[in-house]
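These numbers were taken from a predicted model, which means no experiment stands behind them. Each ligand, and each atom within it, is numbered from 1 in the order the structure gives.
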Amino acid sequence: MSEGDAAATLTVARGPALAGEVQVPGDKSISHRAIMLAALAEGTSEVSNFLEGEDTRATVAAFRAMGVAIEGDGAGALTIGGRGLQGLSAPQGALDLGNSGTGMRLLAGVAAGQLFCSQLVGDASLSARPMARIVHPLRAMGARVWAAAGDRPPLRLCRGARMRGIDYAIPVASAQVKSCLLLAGLYAEGVTRVVEPGMCRDHTERMLRSFGYPVVADGPAITLAGGQALKSCPIEVPGDISSAAFFVVAATLVPGSDIVLRNVGVNPTRDGVLHILRAMGAQITLSNERLAGAEPVADIRVEHALLRGIDIPQHLVANAIDEFPVIFVAAACASGTTRLRGARELRVKESDRIAAMAAGLATLGVVATVYEDGIDIEGGAQDSDSGALNGGVIDSFGDHRIAMAFVIAGALSNEPVQIKDCENIATSFPGFVALAQGLGIEVCSQ
Ligand code: S3P
């Protein structure tokens with residue numbers, strides 16, 4: 001956690017136009033995968049722009065506990081001594097993944113293939129999240145897996161006599177499930193084939209190929225054969241589009257704003273937020289498009305624009321799943337109604353994000369109708385002199401993205417917004433407060 005982010009409570013007031021150029025921290029999904037694949041590779045890998053957040057540091061700690069040498073400068077440069085697929089050693093005690101669903105679900109895939117048993121634990125939020133989605137297919141592959149009541153963490157995993165490949169249609173659109181099974185598939189006899197119901201982030205497939213591991217993607221079907229080797233390689237982690245999204249929305253909403261976000265990952269399985277905001281009328285321009293290893297990156301310029309409500313296209317839902325809290329803030333300030341359906345997964349994230357956002361938006365005077373799998377949000381007057389939203393006290397439910405979404409809402413409110421329980425911002429976005437202040441957002445501790 002960096003200075004300024006430690007506060008449990010943040011207060012935001014309506015401020016001036018946003019201006020400036022910033023670089024958001026490294027991508028969380030890619031940072032987790034960089035640790036895991038480099039640890040399983042043969043040889044030493046250098047990782048740059050690694051996200052120094054609590055979630056990804058928990059993954060580092062877990063792999064160190066399994067005997068992997070990981071040296072870091074604390075500022076995003078890591079050297080990872082890969083131990084090969086069979087080189088991990090039994091940890092002393094449980095592996096604690098903190099708040100991180102990605103850490104736990106992906107590590108479960110690796111743990112299922114080890115000759116030793118492991119126990120995976122997490123904080124109160126993670127301990128309430130569903131694990132049946134990985135427990136059942138891992139068992140079908142031959143792993144021995146125990147979970148707490150309701151298939152929740154903690155998990156205990158041991159390899160069965162042998163792991164075998166699986167041909168599995170994933171019931172929920174989840175890159176964590178896909179990645180868990182592909183990682184377990186590295187240890188399985190024969191071929192593992194997973195079919196996703198909708199397009200999910202493909203960082204695991206891209207990075208496996210960077211490490212020289214053959215992966216075939218045929219539409220929604222991803223296939224790999226077990227038992228081959230990963231070869232060390234350098235990984236440059238792009239800026240996290242999920243973190244950038246907060247400032248994309250803020251600059252769009254605050255009149256007169258004009259900002260540039262440098263070096264942001266724009267992988268087409270992650271850029272749904274840009275498509276949704278553009279469809280609402282946002283002015284977003286990409287430049288300097290290039291590849292960072294296997295991942296597309298770009299600089300993103302955002303200028304203030306007036307938004308209108310839309311029906312969010314179904315094919316973009318999985319692609320923008322982490323950005324909905326801040327998209328809901330955009331919707332609250334757009335003209336007309338924004339409708340989201342097919343997003344039941346939002347209810348099992350770090351909090352129930354449909355309920356948490358509806359509660360907070362109601363406090364700020366926004367009318368919303370909640371559905372089991374979505375929400376309708378009635379927009380307000382984005383450019384009115386008094387501010388589009390009311391002030392108030394918001395419960396973030398300990399969810400980093402709910403907390404940050406309401407910081408952005410505070411920049412549009414006619415009275416200060418106070419957000420409680422913000423410590424977990426450090427799980428994904430260390431330095432958020434300082435970066436927001438640097439762009440002109442009037443946020444402070446207490
Ligand atoms: C992630 C996948 C998504 C996302 C999470 C990161 C990943 O979760 O919400 O923040 O890195 O694979 P699901 O797989 O549960 O959709």
Go through the steps for Asp202 and Arg209 under the test salt bridge (Lys or Arg N to Asp or Glu O under 4.0 Å), then give the verdict. CA-CA 11 Å; Asp202 63 356; Arg209 290 189 200 106; over 6 Å; no
Can Arg193 be said to sit on top of Tyr168's aromatic six-ring, NZ or CZ under 6.0 Å from centre and within 45° of the ring axis? no
Just grab all the side chain to side chain donor-acceptor pair (under 3.5 Å) pairs involving residues 210-235, residues at least two apart or on different chains.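 Every pair satisfying side chain to side chain donor-acceptor pair (under 3.5 Å) with a residue in residues 210-235: there are none.
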Measure the distances from the heavy atoms of His32 to every atom of ligand 1 and state whether one is below 4.0 angstrom. no
Using heavy atoms and a 4.0 Å limit, tell me yes or no: is Cys200 in contact with ligand 1? no
Just checking, is any N or O donor in the side chain of Glu350 or Ser125 under 3.5 Å from an acceptor N or O on the other one?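 Side-chain D/A pair, Glu350 to Ser125: absent.
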Side chains of His275 and Asp271 only: does a donor on one sit below 3.5 Å from an acceptor on the other? yes
Is the shortest N/O to N/O distance between Val177 and ligand 1 below 3.5 Å?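 In this structure, Val177 places no N or O atom under 3.5 Å from an N or O of ligand 1.
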Ligand 1 and Ser179, any nitrogen or oxygen pair closer than 3.5 angstrom?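 Between Ser179 and ligand 1 (N or O atoms, distance only) the closest approach is not under 3.5 Å.
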Measure from atom 7 (C) of ligand 1 to every heavy atom in Arg33, Arg133, Lys28 and give the option owning the shortest one. Arg33
Shortest heavy-atom approach to atom 13 (P) of ligand 1 - which of Glu345, Arg401, Lys349: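 Selected option, by shortest heavy-atom distance: Lys349.
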Stepwise, does the salt bridge (Lys or Arg N to Asp or Glu O under 4.0 Å) test hold for Glu189 with Arg164? CA-CA 5 Å; Glu189 280 174 26; Arg164 47 190 180 273; over 6 Å; no
If you measure from each non-hydrogen atom of Ala318 to ligand 1, which part falls under 4.0 Å: side chain, backbone, both or neither?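 Neither part.
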Taking non-hydrogen atoms only, is Arg201 closer than 4.0 angstrom to ligand 1 via side chain, backbone, both or neither? side chain
